[in-house]
*Asks:* 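Input: one structure, supplied below.
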Amino acid sequence: MADEEKTRPVIPKGEPYIKTDVINPTFMMQYDACTRCGECDKWCPVLDAKDGDRKYSPMNKISRFREFMGQSYGLKAKIFGPKRLDEDDIQDFSDAFFHCSTCGVCASVCPAGINTVDMYEATRQQLVLRDNGPYGKTVMFPKLIGEYRNPYMKDQKQRLDWIPDDVEIAEEADVAYFAGCTAGFNQQVLGVATARVLNHLNVPFIYLGEEETCCSSALIRTGQPHKGDIPFINAKHNVEALEARGVKKVMFACAGCYRVATIDWPKQLGRKPNFEVVHVADLLADLIQQGKIEWKKSFDNKIITYHDPCHLGRHCGVYETPRIVLDNLPGLKFVEMDRIKELQRCCGAGGGVKAGIADVALDIASERIRDAQAIDADILSSCCPFCRRNIGDGRDNVYDQQGSTNFDLRDNPENKMQVEDMIVLVAELMGLSTKIKSQEEEDKAAGVKAEEPKHLIDL
């Protein structure tokens, strides 16, 4: 919004310049609870990427908004009326406020226990309501998700295109696989790997296919849930469609979709869905601990590390099961980076930053690659398509190979540091193909026979 010419709002005399329609009293108290200790600033990835510019400091953002609130609702405002606020100052604040991935590390370290993620999302929505946001290209999210039911301008019929001929999808089952838009359209290797792993483990699953609509995380994170009421409409549609199929569990491999199903769907619908929300890492860790997974392949003595997705880790508390899985993959030594779990460094993609402020997203991702370099990691793995994409871009930036990665496919094993999702590695080591349907069709048309992966060894 910063570079656009906008009509300045007309504020009636006696009315506050910034309202609090969606900022509840608890959030107002939390703004007031900030002690200005500065602990959040020590950990903020955006502040690091902006070279310490105080405009982007979490503490400064809270202080500025608290000042706006004092001028609008404080004692003097009650007696003499709300103070006139400078619109340029509000817009400058809003632009800085949207420079945030809503990763939540500030909440993890806050001694006052401020729930910054929910507080920031409500404040973003309030800023959008007064036309001070969102930022950059994220303004297109409501149109894209509202019109196409996905953010990639794809036809809903294409949600079935990724499914290879060998994948079996049940008509009825206790488990549903919610693929999400990114695995279904833009990183199809994730959908293919998940489906083949579930088939291999004899876990029958249904898939909504054309019925599945976007989880709408992008709208919620960027302060736009009210536009067309799209997140509520999609939540109601997806939950009712899954409940109508009688499933007991819904399986997710996308951290963003998992976060929405775990936290946002119950908020939007005012009830919990009539099914259990499960991340595929939980299923795999349980089967590994029961000794029910047989590995067919192995890496050749590589070091692997794990990046906690913010939506899976800090937001939902899933930390251990992905580590159990990675620690048991043959031929890999699992080594932790310095910043992990509650204190993990964000990948930089969340909160609309990847779409709206790409340079900041790339800088943050590049720092995460340097974290992995510090422990000599050969593979950096995660459980989130957005982490995979943005950290992959960071890898390409650090190793000066920008634009060389096709994220629809398995990451090139010859890269100096592979950036690959846990589910793809699991599928490979089970001896399953991670080729997507279009690759297999091209190979068949060219008469190319399937080859064993050269980066793996037989067990």
Side-chain angles (χ1 to χ4, degrees), residues 16-79 82-83 85-86 89-127 130 132-133 135 221 223 263 267 308 310-311 313-317 319 338-346 348 350-351 353 360 364 367:
Y17 266 58
I18 300 178
K19 296 184 178 181
T20 57
D21 304 305
V22 295
I23 305 175
N24 66 39
T26 299
F27 296 148
M28 294 295 288
M29 291 173 64
Q30 290 185 343
Y31 269 114
D32 203 43
C34 176
T35 64
R36 296 183 59 80
C37 70
E39 187 65 21
C40 53
D41 289 354
K42 299 175 185 177
W43 298 89
C44 177
V46 171
L47 187 59
D48 281 348
K50 299 300 285 187
D51 297 322
D53 186 337
R54 304 306 301 165
K55 175 179 175 178
Y56 304 99
S57 148
M59 184 181 72
N60 184 58
K61 292 174 188 177
I62 289 176
S63 295
R64 288 182 75 182
F65 192 76
R66 186 163 64 184
E67 184 178 345
F68 289 149
M69 292 296 97
Q71 292 168 339
S72 298
Y73 299 97
L75 181 59
K76 285 186 178 180
K78 293 291 184 184
I79 297 172
K83 183 178 179 180
L85 302 180
D86 183 272
D89 194 26
I90 295 173
Q91 187 61 58
D92 180 70
F93 164 77
S94 180
D95 291 346
F97 201 79
F98 277 91
H99 278 66
C100 169
S101 64
T102 62
C103 74
V105 70
C106 46
S108 293
V109 301
C110 178
I114 297 173
N115 178 5
T116 53
V117 174
D118 288 353
M119 186 175 80
Y120 284 4
E121 288 180 358
T123 307
R124 284 182 167 189
Q125 185 179 357
Q126 196 68 60
L127 291 167
R130 77 180 312 277
N132 291 113
Y135 194 93
R221 310 286 85 85
I263 297 174
K267 283 183 181 179
D308 292 278
C310 303
H311 287 167
R314 271 193 293 264
H315 291 208
C316 292
Y319 293 114
D338 182 50
R339 288 182 57 171
I340 62 170
K341 299 183 178 179
E342 293 89 347
L343 301 179
Q344 152 267 35
R345 189 195 307 276
C346 173
V353 174
V360 171
I364 296 173
E367 280 305 304

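Note that the structure is predicted; figures quoted are calculated from it, not measured.
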*Asks:* Can you measure from CD1 (I364) to SG (C44) and round to the nearest 0.5 angstrom?
*Replies:*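 It comes to 7.5 Å.
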*Asks:* With side chains defined as the heavy atoms from C-beta onward, is the minimum distance between R314 and V117 less than 4.5 Å?
*Replies:*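 No; the side chains remain at least 4.5 Å from each other.
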*Asks:* When rounded to the nearest 0.5 angstrom, what distance separates CG in L127 from CD1 in I18?
*Replies:*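 Nearest 0.5 Å value for the CG-CD1 distance: 6.5 Å.
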*Asks:* P58 and L47: which non-hydrogen atoms are nearest, and at how many Å?
*Replies:*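 Here P58 and L47 meet closest at CD-CD2, 4.5 Å.
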*Asks:* Does this structure show an ion pair linking D41 with R54, if we count only N-O contacts that are shorter than 4.0 Å?
*Replies:*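 Result for this pair is yes, salt bridge flagged.
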*Asks:* Is there side-chain contact between V105 and R339, with at least one heavy-atom pair below 4.5 Å?
*Replies:*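 Counting from C-beta outward, V105 and R339 do come under 4.5 Å.
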*Asks:* Taking C-beta and beyond as the side chain, do E367 and D48 meet within less than 4.5 Å on heavy atoms?
*Replies:*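 No, side chains not in contact.
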*Asks:* Between K42 and V109, is the side-chain contact (heavy atoms from CB on, under 4.5 Å) condition met? List the steps.
*Replies:* CA-CA 9 Å; K42 299 175 185 177; V109 301; over 6 Å; no
*Asks:* Could you give me the CA-CA distance, side-chain angles and deciding distance for Y73 and K19, then say whether side-chain contact (heavy atoms from CB on, under 4.5 Å) is met?
*Replies:* CA-CA 9 Å; Y73 299 97; K19 296 184 178 181; 4.2 Å; yes
*Asks:* Do the ring planes of Y56 and H99 sit parallel (below 30°), tilted (30 to 60°) or perpendicular (above 60°)?
*Replies:*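 Answer is tilted, since the angle falls between 30° and 60°.
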*Asks:* Where does the angle between the aromatic ring planes of F97 and F93 fall among parallel (under 30°), tilted (30 to 60°) and perpendicular (over 60°)?
*Replies:*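 Ring orientation, 0 to 90° scale: tilted.
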*Asks:* I'd like to know if the side chain of K55 reaches the main chain of A96, judged simply by a donor and an acceptor atom lying under 3.5 Å from each other, with no hydrogens or angles considered.
*Replies:*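 Pair absent, no side-chain N/O of K55 close to backbone of A96.
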*Asks:* Can you tell me how far CD of E67 sits from OH of Y31, rounded to the nearest 0.5 angstrom?
*Replies:*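 So the gap between those two atoms works out to 13.5 Å.
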*Asks:* Is the shortest side-chain heavy-atom distance between C100 and K61 below 4.5 Å?
*Replies:*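 A side-chain contact under 4.5 Å exists here.
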*Asks:* Should E121 and R124 count as an ion pair when the cut-off is N to O under 4.0 Å?
*Replies:*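 No, E121 and R124 are not salt-bridged.
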*Asks:* So M69 and D32, do their side chains get closer than 4.5 Å, heavy atoms only?
*Replies:*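 SC-SC contact between D32 and M69 ruled out.
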*Asks:* Which atoms form the tightest heavy-atom contact between I263 and C316, and what is the distance?
*Replies:*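 Heavy-atom minimum between the residues: CD1-SG, 4.0 Å.
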*Asks:* T116 side chain to C106 main-chain N or O, any donor-acceptor pair under 3.5 Å?
*Replies:*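 No, T116 side chain to C106 backbone: no donor-acceptor pair under 3.5 Å.
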*Asks:* Just verifying a value: how many Å separate Q30 CD and R66 CZ, rounded to the nearest 0.5 Å?
*Replies:*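 Atom-to-atom, Q30:CD and R66:CZ are 12.5 Å apart.
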*Asks:* Check step by step if side-chain contact (heavy atoms from CB on, under 4.5 Å) holds for F68 and D89.
*Replies:* CA-CA 10 Å; F68 289 149; D89 194 26; 3.6 Å; yes
*Asks:* To check you understand the geometry: which heavy-atom pair defines the closest contact between L85 and S72, and what is its length?
*Replies:*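 Where L85 meets S72 most closely, the heavy atoms are CD1-OG, 3.9 Å.
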*Asks:* Taking the side chain as everything from C-beta on, heavy atoms only, tell me whether C37 gets closer than 4.5 Å to P111.
*Replies:*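 Yes, at least one pair of side-chain atoms sits under 4.5 Å.
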*Asks:* Rounded to the nearest 0.5 Å, how far does CD of E342 lie from SG of C310?
*Replies:*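 Those atoms lie 12.0 Å apart.
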*Asks:* Do F27 and T123 come within less than 4.5 Å of each other through their side chains, counting heavy atoms only?
*Replies:*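 No, side chains not in contact.
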*Asks:* Check the pair R130, Y17 against side-chain contact (heavy atoms from CB on, under 4.5 Å), reporting the backbone distance first and the verdict last.
*Replies:* CA-CA 9 Å; R130 77 180 312 277; Y17 266 58; 4.3 Å; yes
*Asks:* Say you draw a straight line from NZ of K341 to OG of S108; how long is it, rounded to the nearest 0.5 Å?
*Replies:*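 Between K341 NZ and S108 OG, I get 13.0 Å after rounding to 0.5 Å.
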*Asks:* Can you confirm whether I62 sits close enough to Y120 that some side-chain heavy atom of one is under 4.5 Å from a side-chain heavy atom of the other?
*Replies:*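 A side-chain contact exists here, since the closest heavy-atom pair is under 4.5 Å.
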